[in-house]
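Read the structure below first, then the notes.
Position 1 is the first residue of the sequence, and the numbers go up from there.
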Amino acid sequence: AAWFLNRKSGKFVRLINDLSFEIYLVHYMFIWSPISVMNVTNVWITNCILVIVLSIAAAVLLRLLVSGVQRIYRTGA
């Protein structure tokens, strides 16, 4: 892991790294819940790409929601 510390990474990799915990929290609902998208099409790879896109979008929304709540909590509003 130390080998990667001095490597430059692209913006997308940094985004995924920053959102990795949120992605971990939300991805499951797009795979095994009532809102699963794994059967939207008959093409497995298309469904997987859809899960990835929706997971990243939900992770961004979760990050924004948590940031807003933290901001309110810190200011005491």
Side-chain angles (χ1 to χ4, degrees):
W3 183 74
F4 291 106
L5 292 177
N6 295 327
R7 302 282 181 212
K8 294 197 180 231
S9 59
K11 290 180 182 180
F12 181 73
V13 172
R14 283 192 299 259
L15 171 70
I16 298 303
N17 181 50
D18 291 342
L19 293 173
S20 62
F21 182 67
E22 288 87 352
I23 291 171
Y24 167 74
L25 290 176
V26 302
H27 82 282
Y28 192 77
M29 72 179 172
F30 296 115
I31 298 172
W32 288 108
S33 74
I35 60 170
S36 172
V37 295
M38 289 307 292
N39 295 317
V40 171
T41 70
N42 291 330
V43 183
W44 181 82
I45 192 69
T46 303
N47 295 335
C48 289
I49 291 170
L50 192 55
V51 167
I52 292 168
V53 169
L54 289 172
S55 295
I56 292 171
V60 169
L61 290 174
L62 180 61
R63 169 71 61 97
L64 292 172
L65 177 68
V66 169
S67 296
V69 170
Q70 286 176 335
R71 193 175 319 113
I72 291 170
Y73 181 74
R74 282 188 208 130
T75 60

From [atom1] ([X]) to [atom2] ([Y]), nearest 0.5 Å:
X	Y	atom1	atom2	answer
S55	I16	OG	CD1	9.5 Å
S67	I72	OG	CD1	11.0 Å
L50	M38	CG	CE	9.0 Å
I23	I52	CD1	CD1	9.5 Å

Does [X] share a hydrophobic cluster with [Y], counting links as ILVMFWY side-chain heavy atoms below 4.5 Å and allowing steps through other members?
X	Y	value
L15	L54	no
V53	I45	yes
I49	M29	yes
Y28	V37	yes
V60	F21	no

* Qualifying side-chain hydrogen bond (donor to acceptor under 3.5 Å, both in side chains) pairs with a residue from residues 32-48, counting only residues at least two apart or across chains ->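 Qualifying pairs, neighbours excluded: T41-N47.
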* Asked: What are the two closest non-hydrogen atoms of F30 and V51, and how far apart are they?
  -> O-CG2, 3.6 Å
* Asked: Do you know which two heavy atoms are closest between L19 and A59, and how far apart they sit?
  ->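 Residues L19 and A59, closest heavy atoms: CD2-O, 4.1 Å.
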* To do: Name all residues meeting the side chain to side chain contact (heavy atoms under 4.5 Å, CB included) criterion together with V66; count only those two or more places apart in sequence or in a different chain, and write none if there are none.
  => L62, Q70
